[in-house]
Amino acid sequence: PVRGYRAAKVMLTREAAAAMSRAQAAAVQQGLSLLVYDGYRPQRAVDHFVEWAADPGDTVAKDAYYPDVPKDELFARGYIAERSGHSRGSTVDLTLTRDGVPLPMGTAFDFFGELSHTEHPAITGEARRNRLLLRDIMEGAGFRNYVNEWWHYTLIDEPYPDRYFDMPIE
């Protein structure tokens, strides 16, 4: 368990939640829905990720989530940061679903590697179309994509751009 997550809930600022409502409405118009993996993240959770990244012996998830990236390069490559936009409350990780089933996106959510870059040239066909559709929906609702992670979006006009909160999710 990650520190700071005491309940299976997603929290966002009011502004981000309103924008997510607009994004969900746009997805529904296309027969789809949004599946949110993560939103607000307490700073203590970010600190937990930083500690994990600094432990070279903990490689349990390497094969599934970062098979081609040395663990000591996760910070340099931008996959983990000591300060996360999630802790400002207006960043969300998500995907598209149809009838409750996530659409193919070419990689798993939270996969650390170049294949997760939103427009990676090796991602073609349906997965590429799905990534670009997700981006169109989210940009239309006022979010911008982090180009290294197809699932990661931040509200453009976030209300707390310089604040990092540490309230646990309960």
Query - Y153 side chain vs L94 backbone, donor-acceptor pair below 3.5 Å - result: no

Query raised in the report: Do the side chains of R77 and P70 get nearer than 4.5 Å, heavy atoms only?
Result: yes

Query raised in the report: Rounded to the nearest 0.5 Å, what separation is found between the OH atom of Y5 and the CD1 atom of I169?
Result: 5.0 Å

Report task. Take atom OH of Y160 as the centre, draw a 6.0 Å sphere, and report whether it contains more than 12 heavy atoms from other residues, nucleotides or ligands. Result -> no

Query raised in the report: Is there a path of hydrophobic side-chain contacts, each under 4.5 Å between heavy atoms of I, L, V, M, F, W or Y residues, that connects L115 with W150?
Result: no

Report summary line: Value for CZ (R135) from CZ (R144), rounded to nearest 0.5 Å, stands at 14.5 Å

Requested in this report: Looking only at non-hydrogen atoms, find the nearest pair between I137 and A23 and report the distance.
Outcome: CG2-O, 3.4 Å

Report task. Evaluate the side-chain proximity of Q43 to R83: yes if any heavy-atom separation is below 4.5 Å, no if none is. Result -> yes

Query raised in the report: Hey, is CD on E82 packed in by over 12 heavy atoms from elsewhere, all under 6.0 Å?
Result: no

Query raised in the report: Taking all non-hydrogen atoms of both residues, which atom of G89 and which atom of A16 are closest, and how far apart?
Result: O-CB, 4.0 Å

Query raised in the report: Any side-chain heavy atom of F112 within less than 4.5 Å of one from D110?
Result: yes

Query raised in the report: Same hydrophobic cluster for Y164 and V46, using side-chain heavy-atom links shorter than 4.5 Å among ILVMFWY?
Result: no

Report task. Answer yes if L132 and M138 sit in the same cluster of Ile, Leu, Val, Met, Phe, Trp and Tyr residues linked by side chain heavy atoms under 4.5 Å apart, and no otherwise. Result -> no

Query raised in the report: What residues form a salt bridge (Lys or Arg N to Asp or Glu O under 4.0 Å) with R131, not counting sequence neighbours?
Result: none

Query raised in the report: Are V2 and F165 linked, directly or through other ILVMFWY residues, by side chains that come within less than 4.5 angstrom of each other?
Result: yes

Report summary line: Sorted by chain and number, sequence neighbours left out, ring pair (Phe, Tyr, Trp, His ring centres under 6.0 Å) with H86 holds for H152

Query - More than 12 heavy atoms from other groups under 6.0 Å of CG on D99 - result: no

Query raised in the report: Between S87 (side chain) and R41 (backbone), is there a donor-acceptor pair under 3.5 Å?
Result: yes

Report task. Indicate yes or no for a side-chain donor-acceptor contact from N145 to the backbone of E149 under 3.5 Å, with no hydrogens or angles considered. Result -> yes

Report task. Could you tell me which non-hydrogen atom of G4 sits nearest to which non-hydrogen atom of P42, and how far apart they are? Result -> O-CG, 3.6 Å

Requested in this report: Go through Q30 and L96 one step at a time and tell me if the side chain to side chain contact (heavy atoms under 4.5 Å, CB included) criterion holds.
Outcome: CA-CA 11 Å; Q30 302 200 38; L96 291 169; over 6 Å; no

Query raised in the report: How long is the gap from CD on Q24 to CD on Q29, to the nearest 0.5 Å?
Result: 11.0 Å

Query raised in the report: Should we say atom CG of D157 is surrounded by more than 12 heavy atoms from elsewhere, each under 6.0 Å from it?
Result: no

Query raised in the report: Between E119 and R128, is any pair of side-chain heavy atoms under 4.5 Å apart?
Result: yes

Query - Residue pair L134 / N130, side-chain heavy-atom distance below 4.5 Å - result: no

Report task. Go through the steps for L32 and L133 under the test side chain to side chain contact (heavy atoms under 4.5 Å, CB included), then give the verdict. Result -> CA-CA 11 Å; L32 303 171; L133 177 58; 3.6 Å; yes

Report task. With the side chain counted from C-beta on, respond yes when T107 and H120 share a heavy-atom pair under 4.5 Å apart, and no when they do not. Result -> no

Query raised in the report: Are V92 and F143 close enough, and set up right, to give a side chain to side chain contact (heavy atoms under 4.5 Å, CB included), and what steps lead you there?
Result: CA-CA 9 Å; V92 62; F143 290 87; 4.1 Å; yes

**Report entry** ILVMFWY network linking F49 to M11, side-chain heavy atoms under 4.5 angstrom
**Finding:** yes

Report summary line: What one should report as the nearest heavy-atom pair of H48 and P1 is CE1-O, 3.2 Å

Report task. Evaluate the side chain to side chain contact (heavy atoms under 4.5 Å, CB included) criterion for residues W151 and S116: first the C-alpha distance (whole Å), next the side-chain angles of each, then the deciding distance (0.1 Å), finally the verdict. Result -> CA-CA 9 Å; W151 58 84; S116 288; 3.5 Å; yes

Requested in this report: Look only at the side chain of K71 and the backbone of A53, and say whether a donor-acceptor pair between them is shorter than 3.5 Å.
Outcome: no

Report task. Scan Y66, Y79, Y65 and name whichever one has a ring-ring contact (aromatic ring centres under 6.0 Å, His included) with W52. Result -> Y66

Report summary line: Closest non-hydrogen contact found for P102 with G100 is CD-O, 3.7 Å

Report task. Please say which of L155, T154, T13 ends up in a side-chain contact (heavy atoms from CB on, under 4.5 Å) with R88. Result -> T154

Query raised in the report: P159 and S90: which non-hydrogen atoms are nearest, and at how many Å?
Result: CD-OG, 3.4 Å

Report task. Give, for atom CG of L34 and atom OG1 of T95, the distance between the pair rounded to the nearest 0.5 Å. Result -> 9.0 Å

